[in-house]
Amino acid sequence: MKIILIVILIIFINNYFVSSQFVETLNIYRCSNNSTNQWSNATSVTDFTLTSNYGLAIQQTFASICYDDQYINIKANCIDNNIISPYDSCNQDLFNADVFETFISYGPADQVAVNYLEVELSPYGVLFVSLVNNPNDQCDGIQDSLVDCGQSGIIYGASTINDGWEGSLRIPFQLIQKASQYSETEGYIYKFNMFRIDVPLYNYKEYSCYHADNTNPPCFHVPSYFGNIALN
């Protein structure tokens with residue numbers, strides 16, 4: 001009987017408390033100069049976890065991250081058997097449908113970000129950009145200021161592929177610093193998290209992320225769970 005209980009417990013832990021690939025500090029490297037594959041030096045991340053931390057997302061995200069002199073570059077390969085997004089204009093409510101998101105801050109390493117950049121990308125290449133003020137480290141009390149997509153300096157695109165969709169973002173360092181209300185300062189670092197909202201076919205809506213913030217109902221706006229970025 002004890003053996004059966006132990007086996008059941010192991011299965012439960014494997015199914016509901018699966019660790020993601022999150023690391024406290026993610027090392028990213030300069031994008032390749034190879035014009036045919038700029039992502040060959042990119043750091044890869046997958047195993048997005050439900051925000052509740054009760055298991056991995058059904059429809060996974062495979063992210064590649066690198067940087068150059070002006071941009072942090074993120075490519076997201078999003079497994080998706082049920083692409084839904086009716087939006088076609090900058091700064092519409094993309095978060096009400098399938099979307100990839102990243103929140104990025106810049107500032108002192110030992111402080112939780114209060115001001116940060118929110119960027120969202122739909123499967124059909126629609127962008128959302130916002131400067132966020134979050135004094136409470138939670139979804140309550142947030143104030144944000146939308147940024148015109150064309151004026152943001154972000155270079156972006158998305159397209160459908162066989163098993164879902166793929167999007168890319170080139171986010172200017174200057175925009176992140178502006179959102180964070182810090183200019184470039186020695187010893188300051190970038191921090192971030194990445195998110196997906198998705199509705200798998202014949203299943204419930206999923207809220208998943210690179211670093212699960214243990215929220216249920218889901219809340220992506222918990223900057224104390226942002227991971228550090230080390231530019232190598």
Flag the pair [X] / [Y] as yes when at least one side-chain heavy-atom distance between them is below 4.5 Å, and no otherwise.
{"X": "Asn228", "Y": "Leu26", "answer": "no"}
{"X": "Glu101", "Y": "Ile197", "answer": "yes"}
{"X": "Arg30", "Y": "Asp69", "answer": "yes"}

[X]-[Y] co-clustered via ILVMFWY side chain contacts under 4.5 Å:
{"X": "Leu175", "Y": "Leu231", "answer": "yes"}
{"X": "Val126", "Y": "Val129", "answer": "no"}
{"X": "Phe48", "Y": "Ile79", "answer": "no"}
{"X": "Leu127", "Y": "Tyr71", "answer": "no"}
{"X": "Val119", "Y": "Leu94", "answer": "no"}

Open item on the list: Please determine whether the number of non-hydrogen atoms from other residues, nucleotides or ligands lying under 6.0 Å from atom NZ of Lys75 exceeds 12.
Closed with: yes
More than 12 heavy atoms from other groups under 6.0 Å of CD on Gln143: no
Could you pull out all donor-acceptor pairs under 3.5 Å where a side-chain atom in residues 159-174 meets a protein atom, sequence neighbours excluded?
from: Arg170; atom 1: NE; to: Asn73; atom 2: OD1; distance (Å): 2.8
from: Arg170; atom 1: NH2; to: Asp68; atom 2: OD2; distance (Å): 2.7

Quick check for you: to the nearest 0.5 Å, what is the distance between [X] atom [atom1] and [Y] atom [atom2]?
{"X": "Tyr207", "Y": "Thr51", "atom1": "OH", "atom2": "OG1", "value": "9.0 Å"}
{"X": "Phe192", "Y": "Leu117", "atom1": "CZ", "atom2": "CG", "value": "13.0 Å"}
{"X": "Lys205", "Y": "Asp98", "atom1": "NZ", "atom2": "CG", "value": "8.5 Å"}

Exercise for review: Keeping to residues at least two apart or across chains, list the disulfide bond (SG atoms under 2.5 Å apart) pairs with something in residues 38-83.
Suggested key: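 Qualifying pairs, neighbours excluded: Cys31-Cys66.
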task: Using the test salt bridge (charged side-chain N to carboxylate O under 4.0 Å, His left out), find all partners of Asp198 that sit at least two apart in sequence or belong to another chain.
output: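 Result, salt bridge (charged side-chain N to carboxylate O under 4.0 Å, His left out) vs Asp198: Arg196.
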Shortest non-hydrogen contact between [X] and [Y], atoms and distance:
{"X": "Phe226", "Y": "Ser105", "answer": "CD2-OG, 3.9 Å"}
{"X": "Asn193", "Y": "Tyr225", "answer": "ND2-O, 3.9 Å"}
{"X": "Leu131", "Y": "Ala179", "answer": "CD2-CB, 3.5 Å"}

Of Phe100, Tyr87, Phe128, the one forming a side chain to side chain contact (heavy atoms under 4.5 Å, CB included) with Glu120 is Phe128
Review point. Are Tyr106 and Tyr182 near enough that their ring centres are under 6.0 Å apart?
Key: no
### Query
With no hydrogens and no angle check, do the side chains of Tyr116 and Asn134 hold a donor and an acceptor under 3.5 Å apart?
yes
